[in-house]
Amino acid sequence: MPSVYNWQLGRRMRYPYEPASPKEQFAFVININRCIGCQTCTMACKSTWTFAKGQEHMWWTNVETKPYGGYPQHWDVKILDKLEQANPGEQRWSGTPNGDPKKPYGTFAGKNLFEVPHAIARGSQPNQVLGYLPTEEEWRFPNIHEDTPQHGQSKPMDFGSGEELSGGKKHKAWFFYLARLCNHCSYPACLAACPRTAIYKRPEDGIVLIDQKECRGYRKCVEACPYKKSFYRGTTRTSEKCIGCYPRVEGKDPETNGSPMETRCMAACIGQVRMQGLVKVDKENTWIEDRHHPLYYLVHVAKVALPLYPQFGTEPNGYYIPPRWVPLPYLEQMFGPGAKQAVERYRDPDRELLAVLQLFRRSNQIISRYEIEEGPKVYEAQRNGKKYEMYDDTVIAFNRKGKEIFRTQIEEPVYVRPAKHANSI
Ligand code: SF4
Ligand code: SF4
């Protein structure tokens, strides 16, 4: 079996196919700190792609309340438990987060989903990937446990005090919204598991698709995807999944005149928490340095955006700025060892990070590059025992053609309406 390099794990791993590195890779960053759980993204996707008969249970993008919510129910707890059973007590990371783009989070010393297939051999045919098929009941409640911060009526859950992350304040009860979609993984588990090779990664943008003519509905992809983002459709007897809104990414939408455009779920986000992009990767799927690409900056320079469950081994291309009020052990399980540093950087952003955070959702076009023009100091204070200064810098976004899409400032402009105007009451 080929050995491929997984930079999120900081090491090589088994995968059934040689790496298929695309020309550019579909990727996104979601800032959990600002998600308000409004589900606009969820409905934007649903009303575009999955409103037909047989697609009722399909939520290609969904927003679930963690720690209890999940669609299908308990998807992450179940697969984490299976991994733990297959490799008891050994799911650990070695080394520390560092500046090496080949292993920025250290090295995962445990076993990932491709490395324990013997644990789930069925008959004489071992599966390529550790997984499970959710029950029908688990697909029934797309938003179960919404806004549920604690177990039972009165007992606060005990995931630690949260003291360290919230500046001395205790948050024993907490929750956060986790917006999810297919990660268009660099090493997709769905693709690895398909016995008909009906799943492929597009060479131009790394979007993972299921060829509907080849699919026979064996549901191996549904079983293998650890994020449970492949869905079986009973009316066609095939599986379907997020298609990354590829006509928009290709620039086919008249709105952008040929420039790549963000997906429906990204473009609809009211909380301005989502940013999608196309990043350059080398032959082993490691990101090529692109210093002024906003996603490269957030993931590899500021290191505030982290992959979701990197230990699964699929090298997901969805990244999250972790919520700063959640106890660290939970965040480290979900986002790996970079969580502490990411929260600290986000709580105390420097000048460049503050500017790049303004780029979220100012346009529907995909941003390929940004520039910052320095402005005057507008604020100064003591924060977390340190001097904090804020400057009214201007950040400028460019599309793939190098054309300016928009410019915006750190401080929102204030418009004072005249005291007398027509509709005054
Ligand atoms: S998230 Fe799941 S469905 Fe999407 S590419 Fe990865 S393994 Fe496949
Ligand atoms: S639209 Fe944005 S703010 Fe609303 S739930 Fe989705 S990700 Fe969160």
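We count ligands from 1, going down the list as the structure has it; atoms in each ligand are counted the same way.
Taking atom 8 (Fe) of ligand 2 as the reference point, the nearest protein heavy-atom neighbour is C35 SG, 2.3 Å. If you check which protein heavy atom lies closest to atom 6 (Fe) of ligand 1, you get C185 SG, 2.3 Å. The nearest protein atom to atom 2 (Fe) of ligand 2, hydrogens excluded, is given as C269 SG, 2.4 Å; this is a heavy-atom distance. When only non-hydrogen protein atoms are considered, atom 7 (S) of ligand 1 lies nearest to A189 N, 3.4 Å.
In this structure, K228 is positioned above the aromatic face of Y132, its NZ or CZ under 6.0 Å from the six-membered ring centre and within 45° of the axis.
For ligand 1 and K241, the ligand atoms under 4.0 Å from any heavy atom of the residue are 3 (S), 4 (Fe). Residue contact check: I270 has heavy atoms under 4.0 Å from atoms 1 (S) of ligand 2. Near N183, meaning under 4.0 Å from any of its heavy atoms, are these atoms of ligand 1: 1 (S), 4 (Fe). Listed by number with element, the atoms of ligand 2 under 4.0 Å from a non-hydrogen atom of C41 are 1 (S), 5 (S), 6 (Fe), 7 (S). Listed by number with element, the atoms of ligand 1 under 4.0 angstrom from any heavy atom of Y227 are 1 (S).
Here the straight-line distance linking atom CD1 of I30 with atom CZ of R180 works out to 10.5 Å at 0.5 Å rounding.
Contact annotation: C38 places no N, O or S atom under 2.8 Å from atom 8 (Fe) of ligand 2. The distance from atom 2 (Fe) of ligand 1 to the nearest N/O/S atom of C182 is not under 2.8 Å.
Listed for the Y5 side chain is a donor-acceptor partner under 3.5 Å among the backbone atoms of K102. When atom types are taken as modelled, the side chain of D205 and the backbone of Q25 share no donor-acceptor pair closer than 3.5 angstrom. For the pair E84 (side chain) and G89 (backbone), a donor-acceptor distance under 3.5 Å is present.
With a 4.0 Å heavy-atom cut-off, ligand 2 is reached by the side chain of R274 but not by its N, CA, C or O. When heavy-atom distances to ligand 2 are checked against a 4.0 Å cut-off, V273 comes that close only through its side chain, counted from C-beta outward. Under 4.0 Å from ligand 2, not a single heavy atom of I30 appears.
Looking at R361, R274, R248 one by one, the single match for salt bridge (charged side-chain N to carboxylate O under 4.0 Å, His left out) with E262 turns out to be R361.
Taking the six-membered ring for Trp and thresholds of 30 and 60 degrees, F231 and Y71 have nearly parallel ring planes, at less than 30 degrees apart. In this structure, Y227 and W75 have tilted ring planes: the angle between them lies in the 30° to 60° band.
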- Query: Between Y246 and E204, is a side-chain hydrogen bond (donor to acceptor under 3.5 Å, both in side chains) present by the stated rule, with each step listed?
  - Reply: CA-CA 11 Å; Y246 67 79; E204 60 269 49; over 6 Å; no
